[in-house]
Amino acid sequence: MAFQPVDTRVNFPRLEEQVLDLWQRKQIVERSLESGNKPFVFYEGPPTANGRPGIHHAISRIFKDVICRYRAMQGYKIIGRREGWDTHGLPVEIEVEKKLGFSGKPDIEKYGVAEFNAQCRQSVWEYIQDWRQFTRRIAYWVSEDAYITYENDYIESLWWIFRQLWDRGLLFRDYKVSMHCPRCGTSLSDHEVSLGFKDDVDDPSVWIKFHVRETRHEALRGASFVAWTTTPWTLPANVALAVKPDATYVVVSHDGERLVLAEALVHSVLGDGVTVEHTFQGADLVGARYENLFDGVPAPGDTVDWSRAYTVVADDFVSLEDGTGIVHIAPAYGDLEIGRKYGLPTLFSVDLAGNVLPEFASLGFASKFFKQADPDITRNLKSRGLLLKSGRVKHSYPFCWRCDTPLLYYAKRSWYIRTTAMKDRLVANNLLIHWVPEHIRDGRFGNWLENNIDWAVSRERYWGTPIPIWMAEDGYAECIGSLAELEQKVGRSLKDLELHRPYVDEITWVDPQHGLMRRIPDVADCWFDSGAMPIAQWHYPMENAEIYELAKQADYICEAVDQTRGWFYTLHAIATLLFDRPAFKNVICLGHILDAEGQKMSKSRGNVVDPWSVMNEHGADALRWYLFTAAPPGSPRRFSAGLVAESLRKFLLTLWNTYAFFVTYANLDGWTPTKDGVDQHLDPATLVPIDRWALARLNSLVRDVTDAFEAYDVTTAGRAIEDFVDELSNWYVRRNRRRFWKSEHDRDKQAAYATLYTCLLTVAKLAAPFVPFVAEAIYRNLVGLEGHEGQTDAPESVHLAAWPQVHEALLEERLVADTEVLLKAVSVGRAARRAAGIKVRQPLRELWVRASTPAALEGLRRFEAELRDELNVKAVHYLDSAATLVEYRFKPNLRLVGRKYGKLVPAITAALRDLTGDAARAAAQAVEAGETITLTVEGRAIDLLPEEVLVESSSPEGYAVAEDGGVLVALDTTLTPELTMEGLARELVRNIQDARKDAGFAISDRIIVFLGGADGDAEVEATLRAWGDYVREETLADDLRLCAPPDHVHTTVLELDEGRALTIGVSRGGAETRPHGYV
RNA sequence: GGGCGUAUAGCUCAGCAGGUUAGAGCGCGAUCCUGAUAAGAUCGAGGUCGGUGGUUCGAGUCCACCUACGCCCA
């Protein structure tokens, strides 16, 4: 059974398409989704499919995927690994409005709510095919058995939740100021409002005089209160002025007028040249009356108590940061709480469409849009001498996140979920959640919960979950918790009822006591829909109680950071209010992907990178790997296709080439793993150190990747795999190539194959959650599934295979540490060669090496053969204290000495530095022998333990030296004729190999070599006498001919020193060109 | 205005019990190694570790303040 040949010039996108076909053919996805026995609960945060998926959807989908794949390989049955679609809400309505050319609610009413909602229902599927293709291509494994928030079953579950809240008294109706969009005709939720704050909004800034009308203070008579506002349109709704009770207020004369304002703000408002006439505490001003600017309009049907209107109140909320210290109060437009607290009437100046009320017609600004009315109102006040001054100001102001209309603060009747009643539980339950990154828990999310306000859950819109509250004229209300309950109310079957407006609105009944019960017109905030998905996706409690019980709390969710106030919050709020438990245990909170300029990618900016172009060029795995490993998921990161390409080269190609190398030689040798695994070749007792090293590294990798996954640290897990693959390729394979090439099929070769095979197969499994395509291709070929159907018991897909276990017996920390020192010594040795200008190909006589600790030096001794070979030297000597050719220098090991001796550190450092000559040698020997050394520092004797001293040695004279990280390598650069000849032999081999490759010969082709110009060159002839067999063997040459190559053969030129050059020719050998020998 | 986060080489990122000369990859230049490699190695250029102060024998790391950016809240 051979492996399928592997091409190193792999086209990953094409490979991935083949794997996709395979998965489909073998129904791998379905089988994976159904596999497992221990439950692991995942919640899919539903996107709205009314736009094409972008790169930010790619990252959230793969981070969801990678954890689920990992858990699936561990034998978990993943519950909730299914699509979910968020289908309701203003975004959808806005889309449809745009399409139909509407500009507000009246258009929708005219068009008909039934038809409008039908359009909404349809529009959410416009991009569903894009989403499904995207999901498939990026290998986000979810079932297409989707939950859909607009379905009757889903809505019925939401009704049940409403009813639970209702029964607990957590659902209530109240006047409350909310941010109102006059265009959309609806209040916006806090998270919606927060989407639309703009800085640097240009607004009027006016200082208004309010003439004092009635006061007990003589000094106030004839004076005017000065208040500042940026919203002149609210002035007709003014009912009071507020001051800070403990602040100082002054009456000043200014341009012949007497003005009242906070002392602290006099200068900033009026500048210099004012005379203070009198001083008041804010509290003293309470009760003073002033002449109202306009006649505000009460809401229809409201009985207004005018007794407190147009008076001064004192409250701590007043700030002296800006303005005048006197705040204009208009309860209807934001100061409702103050109004209620001080018994003030609520008066209006503009209606819900944002237009000034008709009552102001005589003043000339009726029916104007509130922002447009600002100048008219200011002009009116100016003409009446009530304007102190005016200007413009830039500040932040909220706009509708969808239609960009400036929002109004507006007191309206709405429905609320009393989340504040459970605030302590929200906070406590949050502490049970494992957040990645950690700081979100106590930072952004924790703060948000600390400042919790009641959740405004109703929307005066059309396309959404109808809030199941029916109300009579007299205000009596009932909340309906299921369709059955509603059927009972109306006394007929409603099984064909579509649970949307306007159909649900048509359902009424007559209550014997209260008369006709009609549904309130509101629909639910669509965040309520998604936050309720743990319950509603199963149509609980009407159905699926069993699966709901398993899935009532998620083990894992993952979305971007903008969901802190969105889905993360609504999930958490509903779970806490209903069940007093967190909705999820672990959450990865993704940072935003930014474009190349560091800007957030968003549809409105039009800078969204198309993930398809990246996947088509580099493949989904390359994209996935990059997103997993480039930066921790919580950090915002800049994205460009170039970075994906780099990630591809660095990891996927290295892995692939290692795999290709293995397959190439395994096939040549006919090596296959034994059917029941390869472990009999992997007994540590019989393995050479480098094999044991590879397996030790592999097993510590398994351990590290598993640990990182358990901590939901995907990035660390991925980077660990990348590091291992790098070492496997650039150390293990490179060091062991000859073991694979050699022709004997001995035990050593078997061990090498078994080791590399085990590493590759294990890496394929570890990497499977990250790069499911490449891992699949490698796995299937390695376990013999490709082209050998039915001949193996191995699971048909790496994604159906078991997650690797750590073999403790193979973990050898010491061996791994020793190899690290070796790698360091090799690196330092190369630097020394480089410094001396001597190629690695040129053998040298000897080197001296020193490590920072005796243990490290011992490690080097263990790998002396590797060190000799890597640095191409004949002998290695060790610089310990017995070596006389070096000088020693000492430093304190600060980590230890610092803690122990504190302020003495500089003196100890100096004392160690002063050790020279015999004293230094003695000290070095003491350290090496594990004895303490005694120093006299500031008059006292200090015994330093051997580990508290770092010994450095100078380079021996006449050697090429380099040093780094405590490892020193000194090379003897003396060249003997023998060494020079050997160097030349290797030079010949290298150039002949190059020529072979250039000529396009197969690896196993035997050749004839022509050396033009070598005839008569004593050095070349001598070299070939000594090394001819070696050269022939290395290059598979049947013959080395000292003559100019014939015309037809491939040639290359090797420059020797002093202008000598060899022309090397290679041609394929064969039976007709039997070697006739050169020597 | 408040909260959270980020700030280290041209770019992407490590460095998190405070410790010795601040690293890696990419890119650039040079050299080397190589019959798996689209790879690898070595050297070079490139850093006031955002700034200022403080704690400490010692600060990229801890503290305070400030600046810039991002997100969130107002």
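Computed from a predicted structure; not experimentally measured. In what follows, chains carry the letters A, B, and so on, assigned in the order in which the sequence lines appear, proteins first and then strands, with residues in each chain numbered from 1.
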Does [X] reach a base, just sugar-phosphate, or nothing at all? Heavy atoms under 4.0 Å.
X         : value
Arg737(A) : base
Ala660(A) : nothing
Val10(A)  : base
Pro437(A) : nothing

How does RNA chain B read in dot-bracket, base by base from 5' to 3', with Watson-Crick or G-U pairs under 3.5 Å and | used when the partner is on another strand? (((((((..((((.....[...)))).(((((.......))))).....(((((..]....)))))))))))).
Nearest of [options] to any side-chain atom of [X]?
X         : options                : answer
Arg986(A) : C72(B), U34(B), A17(B) : U34(B)
Trp448(A) : C73(B), C4(B), C57(B)  : C73(B)
Arg565(A) : G19(B), U12(B), C72(B) : C72(B)
Thr654(A) : A39(B), A36(B), U21(B) : A39(B)
Tyr665(A) : G19(B), C57(B), A36(B) : A36(B)
His439(A) : C4(B), C13(B), U20(B)  : C4(B)
Asn447(A) : A38(B), G25(B), G3(B)  : G3(B)

Set out, in order, the CA-CA distance, both residues' side-chain angles and the distance that settles side-chain contact (heavy atoms from CB on, under 4.5 Å) for Val849(A) and Leu847(A), then state yes or no. CA-CA 6 Å; Val849(A) 62; Leu847(A) 66 74; 4.0 Å; yes
Whole angstrom is fine here: how far is it from [atom1] in [X] over to [atom2] in [N]?
X         : N      : atom1 : atom2 : answer
Asn893(A) : G19(B) : CG    : P     : 12 Å
Trp567(A) : C72(B) : CH2   : C1'   : 19 Å
Asp442(A) : C73(B) : CG    : P     : 19 Å
Tyr732(A) : G40(B) : OH    : P     : 21 Å
Phe661(A) : A38(B) : CZ    : C1'   : 18 Å
Asn452(A) : G3(B)  : CG    : C1'   : 16 Å

Charged N to carboxylate O under 4.0 angstrom, [X] versus [Y]?
X         : Y         : value
Glu866(A) : Arg735(A) : no
Glu948(A) : Lys891(A) : no
Asp669(A) : Lys749(A) : yes

Asn452(A) vs Thr419(A), test: side-chain hydrogen bond (donor to acceptor under 3.5 Å, both in side chains). Steps then yes/no. CA-CA 7 Å; Asn452(A) 186 255; Thr419(A) 53; 2.8 Å; yes
Classify the ring geometry between Phe740(A) and Tyr753(A) as parallel (under 30°), tilted (30 to 60°) or perpendicular (over 60°).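 Perpendicular.
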Closest-nucleotide mapping onto RNA chain B: is Arg719(A) or Val561(A) further toward the 5' terminus? I mean the 5' end. Arg719(A)
On RNA chain B, nearest-nucleotide positions of Arg444(A) versus Thr629(A): which is more 5'? Thr629(A)
Which of residues 721-731 of chain A sit near RNA chain B, with a heavy atom under 4.0 Å from it? Ser729(A), Asn730(A)
Taking side-chain contact (heavy atoms from CB on, under 4.5 Å) as the definition, give me every residue that meets it alongside Thr715(A), ordered by chain and number, with sequence neighbours left out. Pro633(A), Asp713(A), Arg719(A)
With Phe3(A), which of Phe661(A), Phe662(A), Tyr665(A), Tyr659(A) fulfils ring-ring contact (aromatic ring centres under 6.0 Å, His included)? Phe662(A)
Expressed in whole Å, how much space separates the [atom1] atoms belonging to [N] and [M]?
N      : M      : atom1 : result
G53(B) : U67(B) : C1'   : 15 Å
G70(B) : A30(B) : C1'   : 41 Å
G2(B)  : U48(B) : P     : 31 Å
A45(B) : A7(B)  : P     : 27 Å

Is the base of C33(B) touched by the side chain of Arg841(A) through a donor-acceptor pair closer than 3.5 angstrom? no
Kindly compute the distance separating CG (Asp7(A)) from CG (Leu15(A)), expressed to the nearest 0.5 Å. 11.0 Å
Any chance you could lay out the side-chain contact (heavy atoms from CB on, under 4.5 Å) test for Phe724(A) and Val763(A), step after step, and finish with the verdict? CA-CA 9 Å; Phe724(A) 177 79; Val763(A) 165; 3.5 Å; yes
Respond yes when some side-chain nitrogen or oxygen of Tyr901(A) is under 4.0 Å from OP1 or OP2 of C57(B), and no when none is.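 No, outside the criterion.
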Candidate pair Asn430(A) and Trp435(A), rule side-chain hydrogen bond (donor to acceptor under 3.5 Å, both in side chains), full reasoning: CA-CA 9 Å; Asn430(A) 175 38; Trp435(A) 287 87; 2.9 Å; yes
